[in-house]
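Only one structure is covered here, and it is reproduced in the block below.
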Amino acid sequence: MKPEATGETGERSRTAPLDFLRLLHGHRRWVALAVLLTLGASALSLAQPLLVKQVIESTASGSSIGPALALLVVLFLAQALVQGLAQFVLARTGEGIVLGIRIGLIKHVLRLPMAVYDRHRIGDLISRTSTDSTTLRLLVAEGFTEAITGAIGLIGIVVLMVWLDWLMFLVVLGMVAIATVVVVSVLHGIEVASLLTQRATGAMTADLERALGAIRTVRASRAEQRETDRIAGGARSAYVGSVRMAKLDAVVAPAIQLAVKGSFVVVLLIGGMRVADRQGSIADLAAFLLYMIYLVEPIGMLFQSLSTMEQGVGAYRRVTEVLELPTEQDAVSAAGAPAAGPAGGGGRPRAPALEFRDVWFGYEPRRPVLRGVTFEAPEHSHVALIGSSGVGKSTVFALIERFYDPDRGHILFGGGDIREIGRAAHRARVGLVEQHAPVLYGTLRENLTYAVPDAGPEELDRVVELAHLTDLIDRLPEGLETDAGEHGMALSGGERQRIAIARALLARPRLLLLDEPTAHLDAVSEAALRRSMRETARECTLLVIAHRMSTIRAADLIVVLDAGRVVATGSHGELLDSSEHYRSLIRAQQTGDLRVPRAAGLKGGAG
Ligand SMILES: Nc1ncnc2c1ncn2[C@@H]1O[C@H](COP(=O)(O)OP(=O)(O)OP(=O)(O)O)[C@@H](O)[C@H]1O
């Protein structure tokens, strides 16, 4: 994703720990249990120096040390057990949080409005769902464990140290404050480096996806090395970011160690002098020093968790940016037109299957692609949509599927505005066969039943026959269970197209949208495809983006688009008589195909 589009800046840098707290929503019970267990483990741990103090005092006074020693052993065991349990509960909570984020991301990424996919790189969305959520997994699991365990341990130790000797505690506090200043000063640098790393990883995944998605073009253009360099550029940037992060992170642990060990020496010095002057007892000094040793761990954990969270901030921001994108709404809009009826009154016996009424639409504001498109497709008709390349034919399909909504005008389906029912319900009535007929990785059966997973064998046989796939399936060694290969590579273009037709027909759509392949099919495949189309029209209304003369002639009605407007409609014979534009398109088709650039004189004006 482009940084400017997603606001990936360092402005919000100081909110990391608070941001992470938001993740705890919905996991409060487990967090509460983990905090309780950690409290228990800390209490068991903190009682130990006091017992040591008692053992020393008992030895000095000559009384028995057996019970205190036995209790100490019990405390060791109990602490180990409770601490292990606490750690498990914390780690499990972290994993639960990450699972929730991943499922949320997957759901979200598949439900974004089409315009978002147009703007963003798919590889980057994949990277956010996989790499970023994996980074977040480590950081949430580690960060939480360290922060909670560290904070609870620290509070307990501080209370006991103040109680034992508040003056000495002030010495320790001064040293730790110096370490805090050092650690906080590197945290921002860690966050910036983390963002750099995650962004570079996203760019690397997107570039890799670009290259693998067009691997044949890459090979044919002998561009392997250029692509390797480009993708490696992302990998190198990620390396630079990670090394910078490691460098800064390496300051954190030694700073804390130095502070605590420095305090240890000072406390030993002052405490030793006080014992020599008989102003303090050895037992108190020993207990205080033990707490100091214990102090290293929680302080280290706390600071480390801050550093860990800053490292996770990059991944967290990139993940939340996706989660904050609005998803496609299935809600019914109030923008529907009144039920169909001709402008002059006098209701029609039957509304057309599909009707475009003065439809305006642009992918960008002020650049309309469709400029007042109006046409009708009667029930069970076979309608061909034709026009030169870029006039807006695929855009008409995209609007019918409600991948986008018109800026103005209405699209009516069986007389009702398509915005009057939810997108999913509307899409169930429409079948779409794209020009490149995507076949998904999996078996032929999985591909055919993709829209209707529970289709019965009779239904499947019906569409296999309709799409003239019987021969292909009989020929394949494993029949319907044969793998189609990645992107259906194990199939020919015509076979992929017919599989896509069968897949669409299985859902018994009322309207089938078919973008005819432009690549030349052999005569047998073309005839099979044409028969499929003819038979399909018996089942439903068929709207075809037609490139081939044979398909155009076969249509009951031809809609000619130019510069986003319908310039003529009628049958082949009628249009030959009435439309110069149609005749010029047919001439172009006879010398090549319809996908020639528009003739200059036929261009429409702006707006
Ligand atoms: N997702 C998009 N974002 C922005 N502009 C787009 C998008 N899709 C298409 N366009 C633009 O809209 C115009 C119409 O495109 P469309 O794909 O509908 O034409 P078409 O008639 O189907 O062309 P072809 O026969 O070459 O497939 C073109 O100028 C194209 O550049």
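Whatever order the structure lists them in is the order used to number ligands and atoms, beginning at 1. Model, not experiment: these values are computed from the prediction.
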Contact check, side chains of Met549 and Ile586, non-hydrogen atoms, under 4.5 Å: yes
Any donor-acceptor pair under 3.5 Å from His410 side chain to Asp417 backbone: no
Polar proximity ligand 1 side, Glu364 side, N/O cut 3.5 Å exclusive: no
Any donor-acceptor N/O pair, Ser579 side chain to Leu575 backbone, under 3.5 Å: no
Proximity to ligand 1 by part of Asp118, non-hydrogen separation under 4.0 Å: side chain
Shortest reach to atom 20 (P) of ligand 1 by a heavy atom, considering only Gln435, Lys393, His547: Lys393
Phe413 six-ring face occupied by Arg510 cation (under 6.0 Å, within 45°): no
Arg128 versus Thr320, side-chain donor and acceptor atoms under 3.5 Å: no
Per atom 15 (O) of ligand 1, closest listed option by heavy atom (Asp562, Val396, Thr395): Thr395
Atoms of ligand 1, numbered as shown, that sit under 4.0 Å from any heavy atom of Ser394: 17 (O), 18 (O), 20 (P), 22 (O), 27 (O)
Min heavy-atom dist Gly390 to ligand 1 below 4.0 Å: yes
From CA spacing to verdict: salt bridge (charged side-chain N to carboxylate O under 4.0 Å, His left out), Arg210, Glu227: CA-CA 9 Å; Arg210 175 187 110 122; Glu227 287 296 336; 2.5 Å; yes
Test of proximity, Val369 against ligand 1: N or O pairs below 3.5 Å: no
Which segment of Tyr404 sits under 4.0 Å of ligand 1 when only heavy atoms are counted: side chain
